[in-house]
Amino acid sequence: MLNARGRVPAWVCVSMMRPHRMRKTALVRIFYRSVTLNGNGKDGAWALRNDRAIAETVRHAQIPLCITDPTLPDNPIVFANAAFCDLTGYTEDDVIGQNCRMLQGPGTTEESVAAIRKVIASAEVDTVEILNYRKDGTSFVNALQIGPILHDDGGLMYYFGSQLDVTAKREMEKKARQLADDELLHRLRNIVNVMNVIVRMTGREENDTAALATKIGERLTALSDVHFNTIRPNTDEGTEFEALARTILAPYAPGGLVQLNLSGPAVALPAGLISPITLGLHELATNSVKHGALSVAEGRVELRWVVQDREAGRSIAFHWEETNGPPVVVPARQSGSRIIKTLTTSTGGDMAFDWRESGLIVKADFPL
């Protein structure tokens, strides 16, 4: 907001008092006069010294901004830029003379209003998220930054408020949290199922009670260790694919490493691939120990990989194949495979499942 000399006054504020009824044109006139002159008729403290370009920038800034005058009853809005009007759907004439609470509605929480009051009382600049409403009744999550503008002597002149619509960002965060929660629940269910398989298969191997307890304890400890170590995988580049695969798969082989055949060149995984590959191998191993080759002592899993040069760059392709297990039945529900296929696609890679009766085959390709 500018005065005739290209100067910017200052402050947006939010108050809980009743709307002031003074004529809007009078409010604007008083506001401009106060930010233009001080008591000696000279340029006021908030004038932009002969820099009309900066003043015009404030008026036409894309960041929504309004300014209120706490010296008037109910701290009314005395300036609102075009971006503020675009965000809220109100015209300048609609808001001048009104208190900022006009943007509140049925979903606005008392906690957010109280937080705004606290910021104002502190006379400091701070940000509060509050649910506000446009003129048409639609809501938006407003990251509202508010603070005071002071005279040179420290006296309060105005409050400023800048608004930022973060609705889309909060929705994305909500969906991401939900996806993470779903994945965690899925993994917890799998852990319980795998524990049951380990106990059952170990029980077939050991007749001695003490030996049985020891072996079950060792295997469950190995299972828990690999989950704790990989649920938050190291995101530093340089993690070797073979080391990661062996760490994840070994605890899922009740018969020991003899059930696993891993082969391929040394290749360091970039940070962006560690999580999807970790989750993918967990899912394949879990499925195998519950329904596939690792559910029987004679079952085998072969995992081999190669590094390929393509037009789009290098990639790592791995081939997972199960043999000597029970006949494979295509699952009616494939939530696990859908999860890891989605994760693979998000990296720019591809994954295909071949539910052969003789054993599951999975082929995947990840760009390096």
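The model shown is predicted, which means the values in this text are computed figures rather than measured ones.
- When all heavy atoms of Ile96 and Ala80 are compared, the pair lying nearest together is CD1-N, 4.3 Å.
- Side-chain atoms of Asn261 and Leu303, non-hydrogen and from C-beta on, never get closer than 4.5 Å to each other.
- Ser315 places no side-chain N or O within donor-acceptor distance of the main-chain N or O of Asp365, the cut-off being under 3.5 Å.
- A donor-acceptor pair under 3.5 Å is formed between the side chain of Thr108 and the backbone N or O of Leu131.
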The test is ring pair (Phe, Tyr, Trp, His ring centres under 6.0 Å); show your working for Trp355 and Phe353 and say whether it passes.
CA-CA 6 Å; Trp355 303 93; Phe353 287 75; 5.8 Å; yes
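- The cluster map of Ile, Leu, Val, Met, Phe, Trp and Tyr, joined by side-chain heavy atoms under 4.5 Å apart, puts Phe140 and Phe84 in different clusters.
- Judged purely by atom type and a 3.5 angstrom limit, Gln259 uses its side chain to pair as donor or acceptor with the backbone of Val296.
- Applying side chain to side chain contact (heavy atoms under 4.5 Å, CB included) to Ile361 and the options His319, Glu302, Glu322 leaves one that passes, His319.
- With contacts defined as side-chain heavy-atom distances shorter than 4.5 Å, the pair Val95/Met102 qualifies.
- No donor-acceptor pair under 3.5 Å is formed between the side chain of Tyr133 and the backbone N or O of Thr88.
- The neighbour count for Lys363 NZ, taken as heavy atoms of other residues, nucleotides or ligands under 6.0 Å away, does not exceed 12.
- Looking only at distances, a side-chain donor or acceptor of Glu240 sits under 3.5 Å from a matching main-chain atom of Val267.
- Between Trp305 and Pro265, the closest side-chain pair of non-hydrogen atoms falls below 4.5 Å.
- Under a hydrophobic-cluster definition in which Ile, Leu, Val, Met, Phe, Trp and Tyr are linked whenever side-chain heavy atoms come within less than 4.5 Å, directly or via other members, Leu284 and Val328 are assigned to the same cluster.
- You'll find the side chain of Val301 stays beyond 4.5 Å of the side chain of Glu321, heavy atoms only.
- When all heavy atoms of Val289 and Tyr252 are compared, the closest pair comes out as CG2-O, 3.5 Å.
- Side-chain atoms of Thr71 and Asp69 include a donor-acceptor pair closer than 3.5 Å.
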Could you walk me through whether Asp93 and Thr91 satisfy the side chain to side chain donor-acceptor pair (under 3.5 Å) test, starting with their C-alpha distance in whole Å, then the side-chain angles of each, then the deciding distance to 0.1 Å, before giving a yes or no?
CA-CA 5 Å; Asp93 192 56; Thr91 66; 5.3 Å; no
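- Without hydrogens or angle criteria, Thr247 side chain to Ala243 main chain gives a donor-acceptor distance under 3.5 Å.
- With contacts defined as side-chain heavy-atom distances shorter than 4.5 Å, the pair Thr323/Ser358 does not qualify.
- Asp165 has its side chain out of reach of Asn142: every pair of non-hydrogen atoms, C-beta onward, lies at least 4.5 Å apart.
- Although no hydrogens or angles enter the test, the distance criterion places a donor-acceptor pair under 3.5 Å between the side chain of Arg134 and the main chain of Leu87.
- Judged by distance alone, the side chain of Asn81 and the main-chain N or O of Leu65 form a donor-acceptor pair under 3.5 Å.
- Put simply, the side chain of Arg300 gets close to the backbone of Glu298: a donor and an acceptor are under 3.5 Å apart.
- One finds a salt bridge joining Asp354 and Arg356 here, because a Lys/Arg side-chain nitrogen approaches an Asp/Glu carboxylate oxygen to under 4.0 Å.
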